[in-house]
Protein chains: 2
Amino acid sequence: MVNKEEFRKKIIITAGQIFSRFGFRKTTMDEIAKALKMGKSSIYYYFQSKEDIFEAVVLYEANVLRNELTTAIKSVESPVGKMEKYVFVRMKAFEKLSNYYNAIFDKNLDHFDFIEKIREKYDREEIAILRLLLYDGVRKKVFTVANSEYTALAIQTTLKGLEVPLFWKKKEVNIDQRLHAILDVLFKGILIK
Amino acid sequence: MVNKEEFRKKIIITAGQIFSRFGFRKTTMDEIAKALKMGKSSIYYYFQSKEDIFEAVVLYEANVLRNELTTAIKSVESPVGKMEKYVFVRMKAFEKLSNYYNAIFDKNLDHFDFIEKIREKYDREEIAILRLLLYDGVRKKVFTVANSEYTALAIQTTLKGLEVPLFWKKKEVNIDQRLHAILDVLFKGILIK
DNA sequence: AAATTCTTCGAATGAACCGGTCGATAATTC
DNA sequence: GAATTATCGACCGGTTCATTCGAAGAATTT
């Protein structure tokens, strides 16, 4: 191995794939080890515990999401496009992540308070981004917003509302459809006539 | 409950959803019971064992697939359309079913020989359908096939080849793309010039 | 309404599983 | 060839899980 840190990352990515598929509980150390073609005990050379791996995965995944989101909004010019892109990428990511959450709501997972921390931090970042998108739209005379802070908060609340069914049942999700509808409403209520 | 058989079916459908998501091994009786809003022990009034439920689910699912396939090919007129539709529906179904298989390849699942039986029966049926589709195409002067039996077998082999990556890794599957390519090749090699 | 049958369930059980430890032993570095 | 780094098999104790069993709640029959 080139480097211990390198290999930790490999573990994080591999474990992340399994976690995201089966959740924390249903994923076993043996599976992770097998996927890495190594003995179960070897993993403990790199991580203290299963929970530690999980934490690292969530941290890593949060970073990936952050990057995806920032590149996503950079890839489009128009305020409407940026907002659309942001919302889509965000929801797509949460769809993928829903299994992590399912795992967490699973049982007595009180000791995962770091998730709460991440979520809070991420929420603040999201508000900031949304406010920026709104502000940019206003500057370009495409949006009309009384108070960007409050509007950003409102949008975030809506997005969180969309998350719920994802974590509720894996059944058919008409998310796309509802997403379009919501964006439509959002813009029609926001755009300068 | 209206009827014991009715309720067995309900169990099969509910259990099927969970099995298809987590596989045989990772699905617990408690989960099935909870999804049915009943005590775990109650399930044993309807089924002898977890394996029995699994068998019933696979049987049921095989039937569903059969129906989907026959209605699919009936929904289109042209031989090319029939063949396309058949192949698409079949691959879509196998994509969904891949988790079942993952479950089976999991461990020492030797006692699931009924799967082998079903597969054999299904393979024979598939050959029959494919041969019919080919024969129909020939009759309508759209296909030109030397020996419909052999050609049907060749097509089936190709389809099975497509299954492999599904059961290999859950990773991004560019199945759709490859499917199109294969159908293209198939028709170009088969169609009357 | 008593008896009988159908259905549900909580508690118990024994076996398998699983996260984590430990000491041995390769593999690599110095 | 000693020291350090990395891997692993075997094991442990607690947990989980499929399954059993007997009790008892509903429903039906007598």
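The sequence lines fix the lettering, A, B, ..., with proteins before strands; numbering per chain opens at 1.
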If only side-chain N and O atoms of A:Tyr45 are considered, is one of them under 4.0 Å from the OP1 or OP2 phosphate oxygen of D:dA6?
-> yes

Rounded to whole angstrom units, what separation is found between the NZ atom of A:Lys10 and the C1' atom of D:dT7?
-> 14 Å

Identify which one of A:Arg131, A:Arg90, A:Lys160, A:Arg66 satisfies the salt bridge (Lys or Arg N to Asp or Glu O under 4.0 Å) criterion when paired with A:Glu126.
-> A:Arg90

For A:Lys37 and for B:Asp30, locate the closest nucleotide of DNA chain D by heavy-atom distance; then report the residue assigned to the nucleotide nearer the 5' terminus.
-> A:Lys37

Do the side chain of A:Lys50 and the main chain of A:Phe24 share a donor and acceptor less than 3.5 angstrom apart?
-> yes

Which nucleotide, D:dA6, C:dG19, D:dC17, lies nearest any side-chain atom of A:Lys50?
-> C:dG19

Just to confirm, is there a sub-4.0 Å distance from OP1 or OP2 of C:dC9 to any side-chain nitrogen or oxygen of B:Ser42?
-> yes

Look at A:Arg119 together with A:Asp123 and state whether they make a salt bridge at an N to O cut-off of under 4.0 Å.
-> yes

Kindly give the atom pairs (protein nitrogen or oxygen, nucleotide nitrogen or oxygen) under 3.5 Å for nucleotides 23-28 of chain D.
none

For B:Asn3 and C:dC6, give me the distance from atom CG to atom P, rounded to whole Å.
-> 13 Å

Return the value, rounded to whole Å, for the distance between atom CG of A:Asp52 and atom C1' of C:dG20.
-> 12 Å

Would you kindly check if the NZ (Lys) or CZ (Arg) of A:Arg25 is within the cone defined by 45 degrees around the ring axis of A:Phe22 and under 6.0 Å from the six-membered ring centre?
-> no

Could you run through nucleotides 21-30 of chain C and give me one letter per nucleotide, 5' to 3': B if any protein heavy atom sits under 4.0 Å from the base, S if only the sugar-phosphate is that close, - if neither?
-> BB--------

Of the candidates C:dC17, D:dT7, D:dA18, the side chain of B:Arg25 sits closest to C:dC17

Per-pair distances, 0.1 Å, donor-acceptor, side chain in residues 132-139 of chain B, under 3.5 Å, sequence neighbours excluded:
residue: B:Asp136; atom: OD1; partner: B:Arg139; partner atom: NH2; Å: 2.9
residue: B:Asp136; atom: OD2; partner: B:Lys140; partner atom: NZ; Å: 3.3

So which nucleotide from D:dT7, D:dA6, C:dG19 ends up closest to the side chain of A:Met38?
-> D:dT7

Flag if over 12 foreign heavy atoms under 6.0 Å of OH, B:Tyr122 | yes

Atom NZ of B:Lys26 and atom P of D:dT16 are separated, to the nearest Å, by 15 Å

Does the pair B:Val76 and B:Glu84 meet the rule for a side-chain contact (heavy atoms from CB on, under 4.5 Å), with working shown?
-> CA-CA 10 Å; B:Val76 186; B:Glu84 278 179 345; over 6 Å; no

When the ring planes of B:Phe143 and B:Phe187 are compared, do they come out parallel, tilted or perpendicular, using 30° and 60° as the limits?
-> parallel

D:dC8 P sits how many Å from A:Lys34 NZ, rounded?
-> 12 Å

From CD of A:Glu51 across to P of C:dC18 the rounded distance in Å is 17 Å

Cation-pi check, A:Arg8 to A:Phe47: give yes when NZ or CZ is under 6.0 Å from the six-membered ring centre and within 45° of the ring axis, no otherwise.
-> yes

Rounded to whole Å, the CE-P distance (B:Met29 to C:dG14) equals 20 Å

Can you check the B:Lys4 NZ to C:dT8 P distance for me, whole Å?
-> 10 Å

